[in-house]
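Structure record follows, encoded as structure tokens.
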Amino acid sequence: MSEEERAFQERIDRGDKIEPNDWMPDGYRKTLIRQIGQHAHSEIVGQLPEGNWITRAPTLERKAILLAKVQDEAGHGLYLYCAAETLGVSRDELIELLHAGKMKYSSIFNYPTLNWADIGAIGWLVDGAAIMNQVPLQRTSFGPYARAMVRICKEESFHQRQGFDIMMKMARGTQDLRRMAQDALDRYWYPSLMMFGPSDKESVHSAQSMAWKIKINTNDELRQKFVDQTAPQADYLGLKIPDEKLRWNEEKGGYDFSEPDWNEFFEVLKGNGPCNRERLGARIRAWDDGAWVREGLMAHAEKQAIRPAAE
Amino acid sequence: MSEEERAFQERIDRGDKIEPNDWMPDGYRKTLIRQIGQHAHSEIVGQLPEGNWITRAPTLERKAILLAKVQDEAGHGLYLYCAAETLGVSRDELIELLHAGKMKYSSIFNYPTLNWADIGAIGWLVDGAAIMNQVPLQRTSFGPYARAMVRICKEESFHQRQGFDIMMKMARGTQDLRRMAQDALDRYWYPSLMMFGPSDKESVHSAQSMAWKIKINTNDELRQKFVDQTAPQADYLGLKIPDEKLRWNEEKGGYDFSEPDWNEFFEVLKGNGPCNRERLGARIRAWDDGAWVREGLMAHAEKQAIRPAAE
Amino acid sequence: MTEASDLIANDILFDWLLRRGDTALVLGHRVSEWCGHAPALEEDIALANVALDLIGQARLWLSYAGEVEGKGRGENELAFLRDAWDFRNLLLAEQPNGDFGQTLMRQFLIEAYDLPLLRALERSADERIAAIAAKAGKETAYHLDRSSDLVIRLGDGTSESHARMQSALDTLWPFSGEMFCGDGVDDAMSDAGLAPKPESLKPAWTETVEAVLAEATLTRPQSDFAHSGGLSGRHTEHLGHLLAQMQFLQRAYPGATW
Amino acid sequence: MTEASDLIANDILFDWLLRRGDTALVLGHRVSEWCGHAPALEEDIALANVALDLIGQARLWLSYAGEVEGKGRGENELAFLRDAWDFRNLLLAEQPNGDFGQTLMRQFLIEAYDLPLLRALERSADERIAAIAAKAGKETAYHLDRSSDLVIRLGDGTSESHARMQSALDTLWPFSGEMFCGDGVDDAMSDAGLAPKPESLKPAWTETVEAVLAEATLTRPQSDFAHSGGLSGRHTEHLGHLLAQMQFLQRAYPGATW
């Protein structure tokens with residue numbers, strides 16, 4: 001470890017925030033770019049499964065709430081791309097990497113939204129898992145990322161409450177609505193557990209990321225915390241988590257539960273999720289179809305720049 | 001009038017059929033190409049308003065009947081393009097003229113189909129008016145056209161009965177369905193009357209076309225016949241034709257009725273109908289989007305032609 | 001406190017309120033179809049914001065309409081349980097999104113009309129109308145600023161962006177005239193001091209539109225031919241398809257609480 | 001006369017019949033969306049014909065399903081009053097039309113499966129199934145001839161038509177494996193001599209597909225990854241939108257006679 005690296009690690013250990021103009025190891029920069037970029041992409045791609053129900057939202061109030069939520073997500077994408085840009089990579093570069101399949105987004109968005117309760121389940125479970133991941137990241141070592149997380153977490157908990165509210169209305173509604181709610185839970189439970197990633201035992205990057213305080217908790221810790229939080233909520237809703245093994249373990253002070261099917265996880269990562277082709281295809285199409293708009297705006301700005309100010 | 005022209009007119013007066021290889025005046029050929037081409041185009045464009053409800057047909061039987069009908073119309077288009085081709089113009093040339101706005105199709109297809117009863121009204125009124133125009137054309141002087149008409153008229157009367165059947169079901173159905181039926185009649189009545197064209201008094205081409213037996217009756221005769229046939233049918237359905245002046249005139253042995261708004265007719269001809277832009281746009285898009293298919297098939301045929309037969 | 005119901009027959013006021021509410025609802029629906037598919041992230045956010053404001057306005061107008069009607073229908077019954085022929089929105093609002101240029105032009109043409117309309121409605125003899133208009137007017141002023149600016153920048157951008165904006169204008173222009181076709185409902189509303197006559201809004205609209213088109217180097221179409229029918233329930237074929245999506249859940253699960 | 005109901009539980013037979021009927025219905029619906037928009041007049045006619053045959057087959061299967069269920073639901077109740085999760089069609093059938101090449105490829109891949117399936121069903125122990133299969137088999141043989149021929153001609157056409165057909169194949173291939181995933185319903189049907197196991201149809205399908213792709217100069221995708229879920233009601237996002245259109249009138253005007 002070089003002198004610089006040692007000093008850098010000491011700052012982190014002290015709890016200092018690293019700022020964009022500070023010296024940092026290449027690996028730190030690269031890891032952060034990958035992590036923040038992937039998070040930004042997830043916000044953008046994450047608009048699509050929810051967008052699938054905006055035109056079919058069952059009441060005007062629900063439609064407005066969902067629109068506001070999706071707008072927030074685009075906003076989160078914006079902060080995060082800005083945070084990544086402080087590390088010397090442009091938003092367009094990141095987007096190109098996404099479109100070329102060289103950067104990922106959260107696999108959860110490769111699952112389809114098939115009934116209205118999925119919108120509730122995404123808020124309750126997916127945003128719930130996201131918050132579980134993100135709350136510790138408010139204390140992450142890189143300043144711009146930590147500050148973006150503060151703002152994002154606040155909005156995400158609001159979204160989670162809204163999602164839970166949808167689930168509650170449905171779980172206490174007509175027989176059809178209860179069936180939708182259970183169906184959504186059945187489909188989103190394991191993919192939500194996968195959001196924390198495979199057990200850290202299998203991950204090579206984790207130790208370094210934790211030392212750098214880019215990652216604060218292990219995947220398994222967070223997953224356990226998520227299950228412990230969610231299981232009683234499901235009970236409260238009168239819904240059944242699709243896991244025969246799920247039960248309270250007094251001894252460990254947490255729930256025992258089944259692992260998700262990690263083969264499925266790796267298949268989805270490889271591109272074989274139910275919606276991978278569609279999600280990425282939709283983003284690429286939006287980008288390509290919008291090229292003339294971006295070019296037009298740029299051309300106009302250039303014209304303005306060379307016109308005399310008096311005009 | 002030249003010797004040839006006189007002989008030609010005598011054949012027509014005798015009731016002979018003119019066949020593609022027979023001598024004919026240029027004007028006869030041109031008028032026929034225009035008339036048959038326009039008729040063919042109408043069959044093709046006419047698929048669109050009905051196609052608008054195929055995906056929303058209210059029962060599977062209705063969906064099947066409508067599909068079969070629209071298929072028949074494409075078939076009619078095919079016969080008619082073939083009849084036109086015998087006069088030395090290709091289908092592709094005619095289609096180009098249509099797309100360039102240099103040939104027309106029946107203006108009735110520039111009106112929208114807004115509720116399911118419109119599918120009934122198109123069968124009952126639009127096909128009814130078309131048959132009124134076409135039945136005499138079975139005796140038209142140009143052989144291929146007359147023969148196409150025989151086949152087309154048979155299918156059209158079948159379509160008309162089906163349309164009437166839809167209207168009857170709706171006119172005798174729930175309050176909503178009766179309202180749909182009346183709404184469809186209200187919107188399609190005058191456009192149907194327009195299908196016979198303005199009074200012949202104002203048409204320069206009519207006299208020559210009648211001498212050539214390309215046109216058999218005057219527009220006003222056919223319109224009167226249509227009203228006389230349709231008014232009692234509306235009564236039978238319990239629907240009200242939207243014309244305060246409509247009443248039986250014992251003396252002339254036919255109904256008195258209001259003229260349609262000929263300004264609207266000319267506006268629609270000019271391109272200002274409710275759907276002109278969309279109908280022609282849809283056809284052009286279909287043609288352009290299909291270019292690669294037509295080119296692919298041609299390229300394959302050429303490859304096959306130069307391959308040794310043994311292959 | 002003045003109430004409209006003292007000044008005008010309920011069915012006329014109901015009809016007029018539906019025109020406002022349905023136009024906002026259908027336009028908001030169209031804009032919301034963009035969600036996640038805009039040419040840039042900033043546009044995704046802006047379009048979602050426009051859609052959100054429009055849905056909000058629709059809720060206010062339709063709730064009021066339901067109260068005026070007095071048959072127990074609220075915003076959701078009116079939005080989700082009427083078929084196309086009972087919708088009273090402008091035809092322009094229901095036109096498909098097309099490319100981003102066409103969506104933008106549609107918004108600009110409507111917003112340039114909505115703003116003077118809402119400003120005038122702030123002076124309505126009915127306080128409820130005036131209050132809704134005051135809120136909606138602020139939002140619309142912001143939207144119009146934005147759409148004007150973008151029309152200018154894309155009209156006077158590349159040759160492609162210019163051509164697309166001109167084509168959008170040509171396509172949508174025949175649907176703009178309907179905004180100024182007053183009828184008996186409008187006359188009655190105007191006579192009662194509740195709303196301006198649509199015709200009276202034309203000068204302000206024309207001024208805005210001509211100024212923006214000039215700066216955008218776009219050519220105003222010659223023809224003043226205008227499609228109409230939306231305000232009396234004769235729509236284009238597009239509305240039925242839009243409603244089939246929008247209303248699915250309420251139709252498929254009647255009586256459920258969401 | 002043998003009847004299936006002597007050989008198998010009604011709910012299993014019902015489920016199996018829905019798979020047949022829903023696949024034909026949804027596929028027919030997709031094909032019917034082309035109406036008036038095909039690349040050539042002959043294709044408009046041919047596509048309408050395919051759609052018509054499929055809707056006809058759907059009616060036969062669904063009517064029978066309704067009888068087996070014994071709750072008074074007929075073809076229309078089953079087609080128009082079930083939501084997506086109760087549909088049992090193959091995911092491949094609900095995939096969007098895309099360009100003409102994608103529609104054509106979808107038809108080819110399904111028809112190459114349907115033909116051996118229907119041929120086997122002609123020997124079903126249930127006469128009703130055998131009769132429906134006999135009729136549908138004739139139609140499908142004709143459709144498969146046509147789609148095979150077109151796949152070959154467009155695959156081995158221009159470089160553009162080749163690229164489009166290859167892309168269609170790559171897009172749809174992951175949906176083809178579902179056709180051969182048998183489950184308990186299929187096992188029970190097979191044990192009762194009513195239907196073949198889906199797995200048993202794979203050799204015939206593979207033979208047809210490989211022969212046609214070879215002649216079409218198209219490359220069979222390497223991956224055998226297969227999406228599934230349609231047969232148990234887990235569909236893609238497309239089906240809900242399709243049904244919203246298809247079911248609108250029946251949902252909006254319940255109980256009407258059309």
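A, B, ... follow the sequence lines: proteins, then strands. Residue 1 opens every chain.
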(message) Quick check: closest heavy atoms across B/T59 and D/F80, and the distance to 0.1 Å?
(response) CA-CE1, 3.5 Å
(request) Say whether, by atom type as modelled, one donor and one acceptor occur between the side chain of D/R59 and the main chain of B/L60 under 3.5 angstrom. (result) no
(request) Would you mind telling me which of D/Q250, D/Q247, D/H37, D/H162 has the largest number of heavy-atom pairs within less than 4.5 Å of chain B? (result) D/H37
(request) Could you tell me which non-hydrogen atom of D/W258 sits nearest to which non-hydrogen atom of B/R62, and how far apart they are? (result) O-NE, 2.5 Å
(message) Heavy-atom cut-off 4.5 Å, strictly under: side chain, backbone, both or neither for D/A79 against chain B?
(response) side chain
(request) Side chain from CB out, backbone as N, CA, C, O: work out which of these in D/L47 comes under 4.5 Å of a heavy atom of chain B, or both, or neither. (result) neither
(request) Taking all non-hydrogen atoms of both residues into account, name the closest pair between B/A299 and D/G157 and its distance. (result) CB-C, 3.8 Å
(request) Using non-hydrogen atoms and a 4.5 Å limit, figure out which bit of B/T55 sits close to chain D: side chain, backbone, both or neither. (result) both
(request) Please report the closest heavy-atom contact between D/M165 and B/W292, naming both atoms and the distance. (result) SD-CH2, 4.1 Å
(request) Against chain D, label B/A291 side chain, backbone, both or neither, depending on which of its atoms sit under 4.5 Å from a heavy atom there. (result) neither
(request) Below 4.5 Å from any heavy atom of chain D, which atoms of B/L48 appear? Answer side chain, backbone, both or neither. (result) side chain
(message) Once rounded to the nearest 0.5 Å, what's the spacing between atom CZ of B/R172 and atom OG1 of D/T257?
(response) 13.5 Å
(request) Answer whether the closest heavy-atom distance between the side chains of B/T174 and D/Y253 falls below 4.5 Å. (result) no
(request) Identify which part of D/I45 has an atom lying under 4.5 Å from any heavy atom of chain B, answering side chain, backbone, both or neither. (result) both
(message) I need the minimum non-hydrogen distance between B/G290 and D/P39, along with the two atoms involved.
(response) CA-CB, 3.5 Å
(message) Just so I know, are the side chains of D/E43 and B/V293 near enough to count as touching, which here means a heavy-atom distance under 4.5 Å?
(response) no
(request) Go through D/L62, D/N76, D/I55 and name the one with the most non-hydrogen pairs under 4.5 angstrom from chain B. (result) D/N76
(message) Quick check on B/R285 against chain D: is it the side chain, the backbone, both or neither that has a heavy atom closer than 4.5 Å?
(response) neither
(request) Identify the heavy atoms of D/S161 and B/G296 that sit nearest to each other, and give their distance. (result) OG-CA, 3.8 Å
(request) Answer with side chain, backbone, both or neither: which region of B/M180 has an atom nearer than 4.5 Å to a non-hydrogen atom of chain D? (result) side chain
(message) Donor-acceptor pair, distance only, cut-off 3.5 Å: does the side chain of D/Q245 make one with the backbone of B/R56?
(response) no
(message) Check this for me: does any side-chain nitrogen of one of D/E42 and B/R91 sit under 4.0 Å from a carboxylate oxygen of the other?
(response) yes
(message) Using side-chain heavy atoms (C-beta onward) and a distance below 4.5 Å, is B/Q304 in contact with D/R153?
(response) no
(request) Against chain B, work out which of D/S159, D/G28, D/S32, D/A40 has the most heavy-atom pairs shorter than 4.5 Å and name it. (result) D/S32
(request) Give a yes or no on whether D/E69 atom CD has more than 12 heavy-atom contacts from other residues, nucleotides or ligands under 6.0 Å away. (result) yes
(message) Using heavy-atom distances under 4.5 Å, tell me whether D/R30 contacts chain B through its side chain, its backbone, both, or neither.
(response) neither
(request) Measure distances from D/L242 to the heavy atoms of chain B and classify the residue's part below 4.5 Å as side chain, backbone, both or neither. (result) neither
(message) So for D/F100, is it side chain, backbone, both, or neither that comes closer than 4.5 Å to the heavy atoms of chain B?
(response) both
(request) Name the member of B/R294, B/M170, B/K303, B/E295 that forms the most heavy-atom pairs with chain D at distances under 4.5 Å. (result) B/K303
(request) Decide yes or no for B/L297 and D/L150: does some side-chain heavy atom of the first lie under 4.5 Å from some side-chain heavy atom of the second? (result) yes
